[in-house]
Amino acid sequence: SGYNPAFLTSDAQFTFSIFPLAGTNIGFNNQNEIQSLMSKLLSGVNNDDEYIDIVKSMVGRPTFNQRLESELLTFTYRSHLGFLNFRIVENVAFSASVKGPVSEFMILPETKSVVVDEVQNIPAQIVHYREYSLAYSTPQGNRKLSAGIRAKFYFGKSVFSSEISGAIRNQDGSYALRTLGKGYISLPESTTVNSDGTTTGVPGITSIGSYILNSGNPGIGVDLGFKYKITPKLAASLSVIDLGKISWKTNLNSKIFDGEYNIKDTSITHRFEKENEIITKTSDSVSFTNSFSNVFNLTYVKSRFSTPLPVTVYAGLNFQIKPTIMISLVDRFIRLKDMNHNTFSVYAKFDISKKLTVNTGYSIIGNAYNNIPLAIQLNRDFGQVYLGTDNLLAFVVPSVSEFSGLTFGTCFYLFRKRDLYDLPTEIVPFHKPKKVKKVRNSGRILKETTDFGYPGQN
């Protein structure tokens, strides 16, 4: 139901989950570099070289996507009118598109030439927010059409949204990388005093409590979805998730990223092709990363702003081959300005037993083609447990895996009706005798039994 509110359902009248078992979903591409960075940071290594490796790897792919979703609490109620669900989720999403002719020329040694005055946008967005939502879906039953809606209230914690662009400029025969644009930022900062008496704002969370409980950046959104049974065995579904935005009003630290990086004349040559001026490297010393931390001349902007959230569209087609096997085709399209991302998957769901369901298949995630998803759901009397991955190969053969993902969670059934009846016996095969509660010490009957006695009773 997180991907389509029309799928909201419950095997029990009341279903409840709470962190850390409620559910967590982690997904990221560029697996090798991310794991290397995390390993070095955890071991105490923290310098520009580590971030430069990440930037270099990002330049080599069209998009860069990371996501973390963690459910803090979820509660579902089933009635004859439909299903209601209340949910609290912590979200962190990072998208960027650094690939382009200018960035490749400045960062990758193997890229030798670039067109002068060709502008490249460098979009990026990293956002952390908490979501409170209330969802409703129509009863399932034998209806052909099921629909659902989820109203969402967002509270932003931090954000960085880039409108930065760059180009190689010819300035009276000298060449330089010129950057322009604003980075919209809402993030706590601590002030440090420099040796010359000036002050500098350094991003940092000084109080975890005030950061997590910050409610000064509100937003609203909505999820819409439906499911339609074309035939008894064939069904189609469509949903739109996170159609909304957040208004940022606190910890405003936006900056103008104007900067200039001069390129040595001895490191390049230039020529003209069809009215385009092209410069070519003659030395590997042309590298933006050589002075990664000192390129931009930052100017603060404290005005309020708003950012749209990545809108996700899911389209699916399910075919029930037999009662225990279903085939699904699913397309997921993430819409974010200049950073669109698409995933296509083919799944097969196997109901191994009433207690075990397995889902596996093949998926194409962006430009990553080696992806084998696998999910297992265990149904028990107390509730359900699920564990899955977007790409099993990321754990089995990491060297061939570009994308990695993991999801897991548990839900519990509340207020379950107790089975007060014994199993039928040879004496009473068509009747299940009711269990009689007794006072533990004396053996007296705690509650009167029914007026209808067992066979043979007086």
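Counting from 1, the numbers follow the sequence of the chain as shown. Both backbone and side-chain heavy atoms feed into the values below; hydrogens, waters and symmetry mates do not.
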Are any of the side-chain heavy atoms of [X] and [Y] separated by less than 4.5 Å?
X	Y	answer
F105	K281	yes
H270	I268	no
N251	S186	yes

Distance in Å, D331 CG paired with L238 CG, rounded so as to fall on 0.5 Å steps: 10.5 Å

Gap separating the CZ atom of R271 from the OG atom of S113, nearest 0.5 angstrom: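 Spacing of CZ (R271) from OG (S113) equals 5.0 Å.
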
D117: which residues meet the salt bridge (charged side-chain N to carboxylate O under 4.0 Å, His left out) condition with it, sequence neighbours left out? R169

Contacts of R87 meeting salt bridge (charged side-chain N to carboxylate O under 4.0 Å, His left out) (sequence neighbours excluded), chain-then-number -> E131

For the backbone of T231 and the side chain of K233, can you confirm whether one donor and one acceptor N or O come within less than 3.5 Å of each other?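 No; judged by distance alone, with no hydrogens or angles, the pair does not exist.
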
Taking atom types as modelled, is there a side-chain donor on N391 or S404 under 3.5 Å from an acceptor on the other? no

Minimum heavy-atom separation for N65 to S95, with atom names? OD1-OG, 3.3 Å

Among residues two or more places apart or on two chains, list those pairs meeting side chain to side chain donor-acceptor pair (under 3.5 Å) that have a residue in residues 234-243. K152-D242, Y154-D242

With under 30° as parallel and over 60° as perpendicular, where do the rings of Y132 and F155 fit, or are they tilted in between? perpendicular

Would E110 and E104 count as a side chain to side chain contact (heavy atoms under 4.5 Å, CB included) here? Give the steps. CA-CA 8 Å; E110 59 269 24; E104 291 175 358; over 6 Å; no

K245 NZ: over 12 foreign heavy atoms closer than 6.0 Å: no

More than 12 heavy atoms of other groups within 6.0 Å of F344 CZ: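 Atom CZ in F344 is packed in, count exceeds 12.
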
